[in-house]
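So the structure is just underneath, and the comments pick up after that.
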2 protein chains.
Amino acid sequence: MRTVWEILVMIFLGICLKKIGATKPAYYSSYSDLTHCYCLSWRLGVESNNVRAWRTVPTQCLRYVQFYMLGGQYESDLELIVEQIYSYIDEILLTNTTDTRAWILDVDDTCISNLLYYTGKRFGCDPFDPMGFKTWAIRGECPAIPAVLRLFRKLIQTGFKVFLLTGRDEETLGQPTIQNLHSQGFVGYERLILRTRDYKGKSAVSFKSAMRKQLVEQGYTIWGSVGDQWSDLVGDCLGERTFKLPNPMYFVP
Amino acid sequence: MRTVWEILVMIFLGICLKKIGATKPAYYSSYSDLTHCYCLSWRLGVESNNVRAWRTVPTQCLRYVQFYMLGGQYESDLELIVEQIYSYIDEILLTNTTDTRAWILDVDDTCISNLLYYTGKRFGCDPFDPMGFKTWAIRGECPAIPAVLRLFRKLIQTGFKVFLLTGRDEETLGQPTIQNLHSQGFVGYERLILRTRDYKGKSAVSFKSAMRKQLVEQGYTIWGSVGDQWSDLVGDCLGERTFKLPNPMYFVP
């Protein structure tokens with residue numbers, strides 16, 4: 001009997017909450033609750049690695065992703081994750097004193113941001129444009145992601161060897177990437193590892209796994225891997241923990 | 001009964017606040033945008049496995065989690081994930097004809113819901129209460145999660161051997177769990193695997209890994225693992241893909 005009561009109350013409460021509350025922000029005047037609800041589910045699906053191999057942001061989520069990236073939630077998400085990483089680093093420092101502590105950071109939309117570029121690509125609603133992206137990357141004007149720059153500095157200050165590991169092509173994008181990182185304050189890292197000819201056409205997972213394996217073979221202990229793509233965070237030699245930064249604009253297989 | 005009373009009072013207060021002219025929805029009346037933003041980041045952190053080993057929902061997120069669970073977003077998230085699983089199953093069926101296809105489902109808050117119980121525990125803001133939960137589980141009144149029940153039926157109809165794998169104690173909760181699952185429509189699974197004495201005190205990851213390993217050794221090919229906890233989805237023999245169902249109310253290490 002009690003359970004029936006509880007179910008009735010829950011249904012009633014559910015209806016009331018639906019009627020009186022809405023989590024949708026004011027920008028949503030032209031968007032239905034259903035669309036907002038769907039797009040939030042979709043973004044969660046992307047971030048929890050349930051939604052994979054997607055090519056473009058669903059068109060109905062253009063405004064949602066735009067507001068997510070520009071309205072403050074993206075920064076809030078980044079800040080919370082970086083706080084978690086800080087706690088983890090503090091734990092490591094308390095228990096570990098080896099001098100071969102390594103940490104892996106991805107580059108695009110981890111250290112430096114392509115948001116400006118994707119603003120012109122309808123926040124990922126347009127399909128990936130390899131030439132367009134190359135032209136943008138060669139300009140070397142990606143701004144630092146502030147929360148990650150702070151993390152980068154903390155890692156270096158606390159004695160980690162930081163490896164920047166990116167699927168960017170070494171031959172064509174090596175120099176602009178080095179300059180871009182330097183101009184944005186990423187100074188003092190151990191090595192920038194770009195994609196060499198041998199790995200052209202290989203998946204990000206296999207390329208990055210091979211690179212991390214080399215580091216482990218060289219004697220480094222990888223404590224953490226940070227990236228905006230799940231392909232940065234699955235595979236071999238990931239280290240003790242991985243951290244997924246948000247990116248609802250594109251998917252790298 | 002006290003809980004029901006509290007909920008009714010909360011609803012009444014919510015309606016009153018709305019009626020007396022609060023411009024923000026009642027859900028927000030005592031919550032700032034910043035709190036909403038933080039709690040959404042926190043929930044995303046939990047779902048993407050960035051926030052780990054948390055003991056309780058942050059107190060400031062009580063209303064947020066309550067609204068998330070009861071206001072429709074939880075169901076929306078579940079639906080989207082189950083849709084993804086359906087697409088994946090369709091792919092498997094196209095390419096694979098083995099008759100030892102296996103699938104793993106967790107039980108609590110995967111097949112059947114503890115939401116009613118957690119309503120009385122301030123949606124996870126109260127610390128875990130082992131005796132309280134046991135008393136609840138023995139009643140065997142957890143309702144099915146509709147999206148997962150549909151998935152369960154589809155898996156069985158398409159020839160998968162479905163294994164229900166749960167950390168619930170076999171000795172004390174075996175019978176009520178079997179009855180609960182049966183009464184909620186979970187009929188036709190291959191095996192319900194509960195925690196035996198040998199695994200008392202072991203982590204969910206090591207217990208579940210060992211059980212999956214046994215299945216693989218028995219010749220099953222695990223195609224998917226579905227659970228509401230990351231401890232269901234890391235470890236050994238997970239199969240080709242894993243799917244994380246939402247649960248912002250508790251964390252199982």
Side-chain angles (χ1 to χ4, degrees), chain A residues 2-3 5-25 33-34 36-52 54 68 71-85 87-88 226 230 233 241-246, chain B residues 1 3-4 7-8 10-11 14-15 17-18 24-28 33-34 36-38 40-52 63-64 66-73 75-81 83-85 88 115-116 119-120 139 141 143 230 233 241-246:
Chain A
R2 206 189 137 197
T3 311
W5 233 122
E6 283 170 352
I7 292 171
L8 282 172
V9 170
M10 298 249 309
I11 292 166
F12 181 54
L13 181 60
I15 293 167
C16 287
L17 281 167
K18 268 183 186 158
K19 287 273 179 226
I20 62 180
T23 51
K24 65 172 189 173
D33 283 350
L34 268 178
H36 174 81
C37 194
Y38 170 77
C39 297
L40 178 50
S41 292
W42 179 81
R43 179 168 73 83
L44 186 84
V46 167
E47 295 305 333
S48 56
N49 205 16
N50 289 323
V51 177
R52 298 187 191 177
W54 51 280
Y68 169 73
Q73 192 65 49
Y74 173 62
E75 278 82 4
S76 167
D77 290 356
L78 283 169
E79 287 294 334
L80 184 129
I81 299 161
V82 168
E83 281 302 313
Q84 298 292 318
I85 303 177
S87 305
Y88 172 58
V226 178
W230 278 100
L233 309 174
R241 273 194 71 170
T242 62
F243 295 91
K244 170 72 176 76
L245 303 188
Chain B
M1 211 54 207
T3 312
V4 175
I7 293 170
L8 283 170
M10 274 166 58
I11 294 164
I15 293 167
L17 280 167
K18 181 77 179 167
K24 278 184 180 177
Y27 159 69
Y28 270 132
D33 284 350
L34 266 178
H36 175 82
C37 194
Y38 170 78
L40 178 51
S41 292
W42 178 81
R43 179 168 72 84
L44 186 85
V46 167
E47 295 305 333
S48 56
N49 205 16
N50 289 324
V51 177
R52 298 187 191 179
R63 291 275 174 86
Y64 174 86
Q66 178 180 17
F67 187 74
Y68 169 73
M69 293 302 297
L70 302 176
Q73 192 65 49
E75 279 83 3
S76 168
D77 290 355
L78 282 170
E79 287 295 333
L80 184 129
I81 298 161
E83 281 304 313
Q84 298 293 315
I85 302 177
Y88 172 59
L115 177 55
L116 279 171
T119 301
R139 281 167 54 188
E141 291 172 3
W230 278 101
L233 309 173
R241 273 194 71 169
T242 62
F243 296 91
K244 170 71 175 76
L245 303 188

task = Using non-hydrogen atoms and a 4.5 Å limit, figure out which bit of B:Trp42 sits close to chain A: side chain, backbone, both or neither.
result = both
ask   = By a 4.5 Å heavy-atom criterion (distance strictly below it), what part of B:Leu40 contacts chain A: side chain, backbone, both, or neither?
value = both
request  = Using modelled atom types only, decide if a donor and an acceptor are shared between the side chain of A:Gln73 and the backbone of B:Cys37 within a distance under 3.5 Å.
outcome  = yes
query = Would B:Ser48 and A:Ser48 count as having a side-chain donor-acceptor pair, cut-off 3.5 Å?
reply = no
message = Looking at A:Gly72, is its backbone amide N or carbonyl O close enough to the side chain of A:Ser76 to form a donor-acceptor pair, meaning the two atoms are under 3.5 Å apart?
response = no
note = Of B:Asn50, B:Leu80, B:Leu245, the largest count of non-hydrogen pairs under 4.5 angstrom with chain A goes to B:Asn50
ask   = What part of B:Glu47 is in contact with chain A, defined as an atom under 4.5 angstrom from a non-hydrogen atom: side chain, backbone, both or neither?
value = both
key: Residue list, side-chain contact (heavy atoms from CB on, under 4.5 Å) with A:Thr242, at least two apart or on another chain   = A:Ser225, A:Leu233, A:Leu238, B:Arg52
ask   = Is any NZ, NE, NH1 or NH2 atom of the basic residue among B:Asp77 and A:Arg43 found under 4.0 Å from an Asp or Glu carboxylate oxygen of the other?
value = no
task = Please determine, among A:Lys244, A:Arg241, A:Glu79, the option with the most heavy-atom pairs under 4.5 Å with chain B.
result = A:Arg241
